[in-house]
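For reference, the structure discussed in these notes is given below.
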Amino acid sequence: MASFQTLPGFRDFYPEDLAKRTHIFRVWRQTAAAFGFVEYDTPVLEPLDLYRAKSGDEIEGQLFSFTDKGDRQVALRPEMTPSVCRLVGERAGSLKRPIKWFSIAEFYRYERMQRGRGRCFFQLNADVFGEAGSEAEIELVALLVQCHRAFGLTEADFYVRLSDRTLWLHYLGSLGLDEGRIRMLLTAVDRFEKQGDDAFAPYVSAHGELPAELKAKLLAFLGIRSFEALEAALGGTAATPAIAARLADWRKLLGGLESMGLSRFVQVDLGVVRGLAYYTGFVFEAFDRKGELRALAGGGRYDDLVAKLGGPDLPAVGFAIGDMTFSLLLQERGLAPQISHAPDVYCVIGGEAERRAAFGDIQRLRTAGFKVEYPLREVAFGKQFKAAADSGAKVALIYGSDELARGVVKLRDLADRTEREVPAADIEASVRGFFEGP
RNA sequence: GCGGUCAUAGCUCAGUUGGUUAGAGCACAAGAUUGUGAAUCUUGGGGUCGCGGGUUCGAGUCCCGUUGGCCGCCCCA
């Protein structure tokens, strides 16, 4: 065995694994639909330039990319955002606003495997296009929260950390920093939680030692964990009209989430900035409360990206939930679904003559939507009853020669082990009666 | 790309200082059992001991390499 394995980082889904995955997707789909999002899909294989245009050349090392037989440079999609920007950009003029779309798709990244991260994974992507106001963020954060709650996860299990790159830019700008320094400092802020002071090393080697006063201000700002603290930090310095307007956006967002009853899932946290990326405003990440797992989901506003990829100016916000960390969390909280493949009906069949009689009923019952199972080969009755019980079926139909001679079939309740005889001529009515109750 | 750690049946594992034909439990299958279920007993299929090389009379065991898993670093769109 094992002469052929899956490629590193790729996964086989045995039936019990696929059942869990399918359950997660089904709940995500239902939830997104309830929020008025509609589903789309895009090709797995895209032009390599699509990702270079968005993220630059350096991401190429993280892609499954190759040259196809038509000499085109292509890549397996590592994310959905550029593709969905293309779709929306192409029809931006004719799509009703707001555009609320979602997808559930598999992605591929050439990375080293770790807990919660492989080379292939699924994501729920949800985006709102065409709404520049923070109403779009309300909608998305609410959907993100519900996509977790729908599985039974509570505020004790996960939360959403909410931050704002716009305010970071205003704040750092108000401290007199130029664009290059601001970009490097945002990177440092992003890494500070994991690396501590080491996160500032790249900045120090590029721009010299960080003045103690500036560093203290930075650490204070990234330590902000409430809107009140945010207001205080900004109001005290230079409450420019732009900052005042931005704080109003924050009030709208937090107020909307509070009205939805979601405040306990949301934590203001300026320590989140989400790398360099393409984010332009609010950014947010979902984590497990215990802090044992990597991020569950991430998202934010990217108002410039549709235009950057050749489309019109179109404001956009979105997030993605990955399936791997999410599954781990469900598993650890004991919320992974118990999926049953049990049939409704198990047919116990005497011999070949009885089998021919049973086949008609089996076909009728299956056509009527019942899940019906029977032994493919002739098997001793004792085995069949055991198989019927093991299958998890609620009821067994017993096709014996004695019964059929009298024009009946035995219907056995596998739970309480009671039996009764029912007319062989209309099994479907009897089975239907059994499942619909007295 | 870097570091740590592990690898024996589908799963969990045992395997003595290196010693004859590599074992157990669970699971699966058949039988005991030609009409009634969670039990018992018997039997069976399944392993190139991850792969390759080396040391040795002899390697699952020791050495080297390699592949893969897991954990962490870098990265994380």
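We use all heavy atoms of the structure for the numbers below, so side chains are in, but hydrogens, waters and symmetry mates are not.
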Between [N] and [M], how far apart are the two [atom1] atoms, rounded to whole Å?
{"N": "B:rC70", "M": "B:rC26", "atom1": "P", "value": "29 Å"}
{"N": "B:rU56", "M": "B:rU61", "atom1": "C1'", "value": "13 Å"}
{"N": "B:rG58", "M": "B:rU42", "atom1": "C1'", "value": "37 Å"}
{"N": "B:rG18", "M": "B:rA59", "atom1": "C1'", "value": "7 Å"}
{"N": "B:rA7", "M": "B:rG44", "atom1": "C1'", "value": "28 Å"}
{"N": "B:rA77", "M": "B:rC2", "atom1": "C1'", "value": "23 Å"}
{"N": "B:rC62", "M": "B:rU16", "atom1": "P", "value": "9 Å"}
{"N": "B:rC28", "M": "B:rG45", "atom1": "C1'", "value": "9 Å"}

OP1 or OP2 of B:rG72 under 4.0 Å from side-chain N/O of A:Arg294: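 Answer is no, no contact under 4.0 Å.
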A:Lys194, nearest nucleotide to its side chain (from B:rC75, B:rG69, B:rU36):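 Between B:rC75, B:rG69, B:rU36, the one nearest the side chain of A:Lys194 would be B:rC75.
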Selection from B:rU36, B:rG68, B:rC2 that lies nearest to any side-chain heavy atom of A:Pro8: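 Looking only at heavy atoms from C-beta outward on A:Pro8, the closest nucleotide is B:rG68.
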Residue pair A:Ser83, A:Arg77: steps toward the side-chain hydrogen bond (donor to acceptor under 3.5 Å, both in side chains) verdict: CA-CA 9 Å; A:Ser83 301; A:Arg77 61 185 175 197; over 6 Å; no
Ring-base stacking, A:Phe381 with B:rG35 (5.5 Å, 30° cut-offs):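 Yes, A:Phe381 stacks on the base of B:rG35, since the ring centres sit under 5.5 Å apart and the planes are within 30°.
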Gap separating the CZ atom of A:Arg91 from the CD1 atom of A:Ile99, nearest 0.5 angstrom: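 One gets 11.5 Å once the value is rounded to the nearest 0.5 Å.
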For B:rG47, the Watson-Crick or wobble partner whose two distances fall under 3.5 Å: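 For B:rG47, the partner nucleotide comes out as none, under the 3.5 Å rule.
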B:rG58: pairing nucleotide in any strand, Watson-Crick or G-U under 3.5 angstrom: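 Paired with no nucleotide.
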Base of B:rC74 paired with side chain of A:Arg191 (donor-acceptor, under 3.5 Å):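 There is none.
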Side-chain-base donor-acceptor pair under 3.5 Å for A:Arg274 and B:rA77: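 Answer no: no donor N or O sits under 3.5 Å from an acceptor.
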Whole-Å gap separating P (B:rU34) and CD (A:Gln384):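 Taking CD of A:Gln384 and P of B:rU34, I get 13 Å after rounding.
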Sugar-phosphate only, base, or nothing, as touched by A:Lys410 at under 4.0 Å among non-hydrogen atoms: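 Base, at least one base atom sits under 4.0 Å.
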Sugar-phosphate, base or nothing in reach of A:Asp390, heavy atoms under 4.0 Å: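 Since no nucleic acid heavy atom lies under 4.0 Å of A:Asp390, the category is nothing.
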Heavy-atom side-chain contact between A:Tyr203 and A:Thr187 under 4.5 Å: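 Side chain of A:Tyr203 against side chain of A:Thr187, heavy atoms only: no contact under 4.5 Å found.
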Residue pair A:Val141 / A:Phe265, side-chain heavy-atom distance below 4.5 Å: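 Answer no - side chains too far apart.
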